[in-house]
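Residues take their numbers from the sequence shown, with the count starting at 1. The structure presented is a predicted model; accordingly, all values stated were derived computationally and were not measured.
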Amino acid sequence: MAPFFGLKGGWLTFWVTVACATDMMLFGYDQGVFGGVIVTEDFLDLLGIRNNPSLQSTVTSVYDLGCFLGALSVLWIGEPLGRKKTVMMGTAIMAIGAILQISASDIAQMIVGRVVAGIGNGINTSTAPVWQGETSKASWRGKLVVIEMILNIFGFMLSNWVTFGFSYIGGSAAWRVPLAVQFLFIFILCATVPWLPESPRWLITRDRVDEANRILACIEDRDVNDPYIVTQSREIRWAVQYERRHAVPWKDLLRGRTGAGGGTSTLRRVILGMGTQAMQQFSGINVTSYYFPLVLIQSVGLSDKRARLLAACNSVSYLLFSLIGIPNVEKWGRRRMMMYCAFGQGICYMAITICIRYNKADFLGPALQRQFAEASIAFFFLYYVFFGIGWQGVPWLYPTEINSLSMRTKGAALGTATNWIVNFMVVEITPPGIATLGWSFYIIWTVFNFAFIPIVYLFYPETAGRSLEDVDRFFQDNQDILIYKDKDATSSKRPFRYVERELQQVRRHSFARSPAGSRTITAAEIRSALQRSSNTLVRDMAAADKPSSTYADRRGSSGSGIDPLDVA
């Protein structure tokens, strides 16, 4: 039987995306569902947490603590297990956590269920973007991960409508059934992940090169001996060998010892990946994702039903506008999307702060207070537009791209762990913060969003259009932390030198002998293979940036003393 049910190329990538996107939909659903559960009368009475904001926030936020622990566990289990087995383990743990929550009859069981489900989700959200990134073409990688995060928003939207609909039923079904919907996603993961391909990059790190080459050929829908597949395989093996020679032990990494010249810039790359995840949470998204109905009730002054309805409508708007990110994540690049959208989010939170301030001002009449309240709702909606376009997907994509092959799983795990521990902090402080600080609470998120603009501009290199091995070469040749003056670091297009180098290697590999010392490939076959393999690269070269001023100095030198052509 043909591997992967005979699927190749785009169809095989599609099914990997289905699995990874389902995982992210489950993540989004879990983020949103508790916002509706936490204001359900039966839930508050059964758990005895009515009129107790601190306990309400703890029950909600321990899920993020579990996610943090799950993400950290990937540091140890991710590489030994591989991408697929890690996802399946996370899914099984989530199923156990879901059962504990659905059947909870007291606060202790609910907290345990939240932590267990969080551990499973932390494992999955650390692994799925890496798996997707390592099984995707460079030109598709950004779009596919953004699509995953848009489906994360779909899960969030679904949770809002499910909790809104079941709020009319009353009793324990109003919150138990929405929690049980998690199993729809769990069943899909169990039906797809086992038969899909493992990451070829992970297989090469385990010296399973032949298996990796077959998967690369299936992903690209080419013959395993195609010059383009040979080039890709040797590029990955070069990265593996380079990492093995220059890898920094954990004990040295944690003590800041990264070797002469920074080695592979391991610590810097890990910090950059963790930084995007921290900034995502410090943008204030989970002030509203977990508590939007609560925010609308307490800060804006809406009724329960109207707050739930507006939260559900907002999730639809959030989903629709986030679609803008799909075609533009490669066109605009990661840097521009983060900077422009951080500016928009800062403006929105500043307007929200002003509107809520005057909504609560006693010296204004009721009519004017109501107008300020309605204006704040509009800016909450607009905030989600900016976040959906720029900050929903890129922080999950960036750690996968920026970290080296040997650190990709660990770097993504640390990035995800950062996301969840900051998420935990934000979710923990929101109900008490709103209760004690009132409108002043929103100033915090205004300041954070504006601060992200110079941080991204100064420190974050562009990864759009680059292969994962291009990123490795950039950090190998560039040790300067401030990158804003480097055209190779800031261009949203793939630098010319990477395109030209890859094309040269495809041409060189075309003049090879067939496996096992059999006949020499004919001239006609060489021309045909070269044409197939180089068409995309030639188009990339036409669109690529012109060589930078330092290109002539760099040309012909990888800076490592190792060339992919020398990798056996």
Side-chain angles (χ1 to χ4, degrees), residues 19-34 58-101 110-133 145 148-149 152 155-156 159 179 182 185-186 189 193 270 273-274 276-278 280-281 285-286 289-290 392-393 395-400 403 407-428:
C20 294
T22 300
D23 184 69
M24 288 299 170
M25 273 195 284
L26 177 54
F27 163 34
Y29 186 87
D30 277 352
Q31 266 193 314
V33 71
F34 229 70
T58 298
V59 174
T60 306
S61 63
V62 289
Y63 175 78
D64 301 311
L65 192 58
C67 290
F68 170 73
L69 297 174
L72 281 184
S73 72
V74 176
L75 294 173
W76 293 277
I77 68 174
E79 286 303 318
L81 290 179
R83 316 308 186 223
K84 288 173 53 178
K85 290 181 180 178
T86 304
V87 170
M88 289 306 299
M89 174 182 284
T91 302
I93 294 172
M94 288 193 78
I96 295 170
I99 292 170
L100 289 171
Q101 291 179 77
M110 178 58 69
I111 288 175
V112 171
R114 295 282 289 166
V115 172
V116 171
I119 290 171
N121 193 44
I123 292 172
N124 280 5
T125 52
S126 296
T127 308
V130 175
W131 185 29
Q132 179 77 80
V145 175
E148 284 180 25
M149 300 316 299
N152 168 275
F156 173 75
S159 69
L179 290 174
Q182 297 175 75
F185 306 106
I186 291 171
L189 285 169
V193 173
V270 168
M274 294 170 67
T276 58
Q277 294 280 30
Q280 187 197 57
Q281 291 305 311
I285 182 60
N286 281 316
S289 287
Y290 279 79
Q392 174 67 12
W396 292 94
L397 171 63
Y398 201 83
T400 297
N403 283 292
M407 282 296 295
R408 192 160 294 136
T409 300
K410 297 182 182 71
L414 286 170
T416 306
T418 302
N419 183 292
W420 288 116
I421 197 64
V422 179
N423 192 338
F424 169 76
M425 182 202 75
V426 171
V427 175
E428 180 71 19

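Looking at L189 and M94, their side chains never come closer than 4.5 Å, going by heavy atoms from C-beta outward. Between L72 and T416 there is no side-chain heavy-atom pair separated by less than 4.5 Å. Looking at T91 and V193, their side chains never come closer than 4.5 Å, going by heavy atoms from C-beta outward.
Across all their heavy atoms, R83 and G78 have their closest contact at NH1-O, 4.3 Å. E428 approaches S61 most closely through the heavy-atom pair OE1-OG, 2.5 Å. Shown here for F68 and A417, the closest heavy-atom pair between the two residues is CD1-O, 3.1 Å. Of all non-hydrogen atoms in G411 and N403, the two that sit nearest each other are CA-ND2, 3.5 Å. The two atoms that bring Q277 and N419 nearest to each other are OE1-ND2, 2.8 Å, heavy atoms only. Contact detail for N121 and C67: the closest heavy-atom pair is ND2-SG, 3.7 Å.
R114 places a side-chain N or O within 3.5 Å of a backbone atom of T60 that can act as its donor or acceptor partner.
Taking CG of N124 as the start and CD1 of I119 as the end, the distance is 12.5 Å to the nearest 0.5 Å. Rounded to the nearest 0.5 angstrom, L65 CG and I421 CD1 are separated by 5.5 Å. The CH2 atom of W396 sits 5.5 Å away from the CE atom of M24 when rounded to the nearest 0.5 Å. Taking OG1 of T127 as the reference point, atom CE of M88 lies at 12.5 Å (rounded to 0.5 Å). The CD1 atom of I99 lies 12.5 Å from the CG atom of L179; values are rounded to the nearest 0.5 Å.
Under the side-chain contact (heavy atoms from CB on, under 4.5 Å) criterion, A413 pairs with V74, L75, S126, sequence neighbours left out. For T276, the side-chain contact (heavy atoms from CB on, under 4.5 Å) criterion is met by M338, P395, Y398, P399, Y460, not counting sequence neighbours. Taking the side-chain hydrogen bond (donor to acceptor under 3.5 Å, both in side chains) definition, one finds that N152 meets it with Q392, sequence neighbours left out. M25 meets the side-chain contact (heavy atoms from CB on, under 4.5 Å) test with T22, L151, F154, F185; sequence neighbours excluded. Remark: T86 engages no residue in a side-chain hydrogen bond (donor to acceptor under 3.5 Å, both in side chains) (not counting sequence neighbours). Partners of T125 by side-chain hydrogen bond (donor to acceptor under 3.5 Å, both in side chains), not counting sequence neighbours, listed by chain and number: W420.
Within a 6.0 Å radius of CE in M89, no more than 12 heavy atoms belonging to other residues, nucleotides or ligands are found.
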